There are 2 protein chains.
Amino acid sequence: MLSKKTKYGLKALTFLAAQKDRVPVQIAEIAKQENISQKFLESILLTLKKNGFLGSKKGKGGGYYLLKEPEDILMTNVMRVLEGPIAMVPCVSLNFYEKCEDCPNEHKCSVNKLMLQIRDSTLQVYRNNTLADILK
Amino acid sequence: MLSKKTKYGLKALTFLAAQKDRVPVQIAEIAKQENISQKFLESILLTLKKNGFLGSKKGKGGGYYLLKEPEDILMTNVMRVLEGPIAMVPCVSLNFYEKCEDCPNEHKCSVNKLMLQIRDSTLQVYRNNTLADILK
DNA sequence: CTATTACCCTATTGATTTAATAGGATAAGC
DNA sequence: GCTTATCCTATTAAATCAATAGGGTAATAG
């Protein structure tokens, strides 16, 4: 299952990408428009900012805004930050590889073999989609 | 993440498929060979039996065995039984569809659009793999 | 017929993760 | 210096996961 964190994060990014200009949008407005708990959204936007997707401005007229154009924001990167590893098992993860402690030989493991294919096909989708693509 | 239930279930199916004949194999032996908690495996094999993948025999010389040939066991079916819905959000699920309560129009939803692609590519992999395929 | 074997079933627990809430600190602007 | 809105930490309620406990039931061997 996709976590709410990821779902809300994607919706917020989409909302910001849909703005005409790059003027800051307040958390409260995004939360209201997208039906998201404001406090929860607050922490999500913070991690998106810390990972270089968003900029922010404090005080009156403040809020969050996209740092890059939607065409330049790859889903691969967004998903890794919001949802974590793309692979369903650590032993087929590119960025978070870990050996299975219960598996003597992962190249003979049927789970490994199947999940490797899933990782590749999933990755292909994420690499083919930018924020601009899912906005249209 | 793939649940241990699914991981163990796949390993058990693979183990049974690798047997020369279709003679019953005891839970204890599968658990030992695959490093799985025996009691946990017990419940997993039970659901695989209830869903038509395995047969069982009680008493001495008893155990579990495959009901079909590995070539005829599709990963799509196995994964749905062990892991549940293949889709990451209910609003793109074929077998477990549910409307998002927070989403006014799912055809304009960016999450829906992305997850629809993920569902399709994931399904394609599962449909292309039988138990025999991941055994080789 | 009886003891043994091994599957069958229910309930409970501990650990972890998820989603959300609370409350205040910090910085920007008028 | 007051208001606005982000920033940050801690806590909690609920759900899920993985495993354990303990006994019931059916089949087989001798």
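Keep in mind that this is a model prediction, so the values were computed, not measured. Scope of the values below: all heavy atoms of this structure, side chains included, with no hydrogens, waters or symmetry mates. A, B, ... follow the sequence lines: proteins, then strands. Residue 1 opens every chain.
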Would you mind checking if B/Asp133 and A/Lys113 are paired as a salt bridge, meaning a charged N to carboxylate O distance below 4.0 Å?
no
Is it the case that the side chain of B/Arg80 and the backbone of B/Pro85 share a donor-acceptor pair, with hydrogens and angles ignored and the cut-off at 3.5 Å?
no
Might you confirm whether atom CD of B/Gln19 has over 12 heavy atoms from other residues, nucleotides or ligands at distances under 6.0 Å?
yes
Working for side chain to side chain contact (heavy atoms under 4.5 Å, CB included), residues A/Leu46 and A/Tyr64
CA-CA 9 Å; A/Leu46 210 53; A/Tyr64 282 98; 3.5 Å; yes
Using a heavy-atom distance cut-off of less than 4.0 Å, which residues of residues 41-65 of chain B contact DNA chain D?
B/Lys57, B/Lys58, B/Gly59, B/Lys60
A/Ile118 backbone acceptor or donor facing A/Thr122 side chain under 3.5 Å:
yes
Side-chain (A/Thr14) to main-chain (A/Leu10) donor-acceptor, under 3.5 angstrom
yes
Given 3.5 Å as the limit, does a donor-acceptor pair link the side chain of A/Arg22 with the main chain of A/Tyr65, or not?
no
I'd like the 5' and 3' limits of the part of DNA chain D contacted by chain B, with heavy-atom contacts below 4.0 Å.
D/dA18 to D/dT28
If you restrict it to nitrogen or oxygen atoms, what contacts under 3.5 Å exist between nucleotides 16-20 of chain C and the protein, and what is each distance?
from, atom 1, to, atom 2, distance (Å)
C/dA19, OP1, A/Lys4, N, 3.2
C/dA19, OP2, A/Lys4, N, 3.2

Does A/Lys32 use its side chain to pair, donor to acceptor, with the backbone of A/Ile36 at less than 3.5 Å?
no
B/Ser3 versus B/Glu83, side-chain donor and acceptor atoms under 3.5 Å
yes
Under 3.5 Å donor-acceptor, A/Asp72 side chain and A/Lys68 backbone
no
